[in-house]
Amino acid sequence: MSESPIKTIGQQLGRRSWAEPWKIKMVEPIHMISQEERAKALQEAGYNTFLLRSADVYIDLLTDSGTSAMSDRQWAGIMMGDEAYAGSRNFYHLEAAVQTHYGYRYMVPTHQGRGAEHLLSQTAIKPGQYVPGNMYFTTTRLHQELAGGTFVDVIIDEAHDPRSLHPFKGDVDLDKLRGLIQRVGAENIAYFSLAGTVNMAGGQPVSMANVRALRELCDEQGLPIYLDATRMVENAYFIQQQEAGFVDQSIAAIVKEFCSYTDGAWMSAKKDHLVNIGGWLAVNDHDLFDALRNLVVVYEGLHTYGGMAGRDMEALAIGIEEAVQDDHVRSRVGQVLYLGDLLLDWDIPIVQPVGGHAIFLDARGFYPHIPQDQFPAQTLAAQLYLDSGVRGMERGIVSAGRDPQTGDHRYPALELMRLAIPRRVYTQAHMDVVAEAIKAVYDARQQTGGLRMVYEPKVLRFFQARFEPISARE
Ligand code: P61
């Protein structure tokens, strides 16, 4: 493991330029349908980008989850799948990769991140307990609630302000956490639910100083910390670039130090780890591991495959090693920053600072005339698709869902539309197309009206909800 980051050619020679540390060996054609066909596809999809067919999408920034390109080494790993029901050699490779790079003692494989969230929530939360964390994530909070827990957001206030330039907007507000402990008692708190590169805040990182301080407080109170490590590699990049004392440390070393302050982690391997499917859950406590290992066989599969094929585990083990390479992370986050810079040059309202995996457009800045319960971010996602076949995702009131107690919409401070960039998939030219499309939608903002929801699923409603435009006369 290299302990100091590798320099790009540009950095070695004192130049500005940088480039991807790979070249393209295989391509997948994409195509674009006409404006009339897009309008029809959008209507058929109920103005919900989750319900579009991918064949109708030109540049797909719905998610960076499971959409990244695998390397030739990962594809070679696919051919090395050991599909034994029990004890596949690929499992041991994966276990070793998690232990080496994340430092936890015990690992349970799962089919994807929410499988791991389910197992952890059912095992570590007693009904009635609270689960504080640095902003909710949809599936994470739902599994905590299904286990009888109540999630409490204790992220710093800056995270809720798209214009705040705080460099670590993922940080935990320790005073808010102390306040919760005083109010409900540490014995009524299951664990701290910490996320790296906080997705719903705009891909915002947590600083090393913050996790160290959190560890101290949780030690005083006897609380474990479990980490959502889904985009921890990207979080480590921001620590390396922005936190004093880390510029000479490798991403791999930073990830490992960060994890050392936590008691375990769950992972959607579909993000940082460059695979199309997979996940894991890793802990240091043997009793907890035992309980998780007993539960995984009920919901996911045997404890040496957890819902993945042997070949999936091999691609994932190799993906972990590739994910922590400095030159990879620099170019991955660099592409996101490139798109962000184009938009900032045109004064398009986006969440700043630009985060690790996505650009988040501030839908309130686009459509101040559309009330939140007419779904400004959902409207923005629909408009961008209509303009140019670019697909993004609502991350506002629809995603926030309803309060289980009152049944009312939750009204989040952030009303965002996310454009998540898959890893190693699109080029700089694609980013230019996306930027121009956003500019066109921004320029037409005053003529745009909101939506009404005409079908609403009970849980995780954003995936399948359907909408209709509200006509100007209403
Ligand atoms: C995404 F619209 N994320 O960002 P699984 N933790 C974190 C995630 O980002 C995450 C999971 C756990 C997705 C897919 C997705 O509301 C949505 O492997 C920080 O997807 O089960 C997933 O991991 C869950 C999109 C999930 C959504 C939920 O695009």
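Counting starts at 1 for both ligands and their atoms, following the listed order.
Surrounding OH of Y130 are at most 12 heavy atoms belonging to other residues, nucleotides or ligands under 6.0 Å away.
Close approach of ligand 1 to T138 is summarised as follows: ligand atoms under 4.0 Å from at least one heavy atom of the residue are 16 (O), 17 (C), 28 (C). Proximity to T230 (heavy-atom distance under 4.0 Å) selects the following atoms of ligand 1: 6 (N), 7 (C). Set against the non-hydrogen atoms of R395, the atoms of ligand 1 under 4.0 Å away are 2 (F), 16 (O), 17 (C), 27 (C).
Considering every non-hydrogen atom in both L62 and G392, the closest pair reads CD1-O, 3.5 Å. D272 and V233 make their closest contact through OD2-N, 2.7 Å (heavy atoms, listed as atom of the first residue, atom of the second, distance).
Considering backbone and side-chain atoms alike, T63 places an N or O below 3.5 Å from some N or O of ligand 1. At least one N or O atom of G113, backbone or side chain, sits closer than 3.5 Å to an N or O atom of ligand 1. Residue T139 has no N or O atom closer than 3.5 Å to an N or O atom of ligand 1. The N/O atoms of S65, backbone and side chain alike, include none that comes under 3.5 Å of an N/O atom in ligand 1. In terms of N/O distances under 3.5 Å, ligand 1 is not approached by W266.
Neither the backbone nor the side chain of H111 has a heavy atom within less than 4.0 Å of ligand 1. Here K270 has side-chain heavy atoms under 4.0 Å from ligand 1, and that is the only part of it that gets that close. Residue contacts with ligand 1, taken as heavy atom pairs separated by less than 4.0 Å, do not involve R461 at all.
The closest approach between a heavy atom of H357 and any atom of ligand 1 is not below 4.0 Å.
For the pair R452 and Y47, the cation-pi criterion (under 6.0 Å, within 45° of the ring axis) is not fulfilled.
Note: Y136 and F151 fail the aromatic proximity criterion, with ring centroids not under 6.0 Å apart.
Taking the charged nitrogens against the carboxylate oxygens, D60 and R391 do have a contact shorter than 4.0 Å, which makes a salt bridge.
D171 and H166 form no side-chain donor-acceptor contact under 3.5 Å, judged by distance and modelled atom types alone.
Of all protein heavy atoms, the one closest to atom 19 (C) of ligand 1 is D228 OD2, 3.2 Å.
Applying side chain to side chain donor-acceptor pair (under 3.5 Å) to E322 and the options H273, R424, R423 leaves one that passes, R424.
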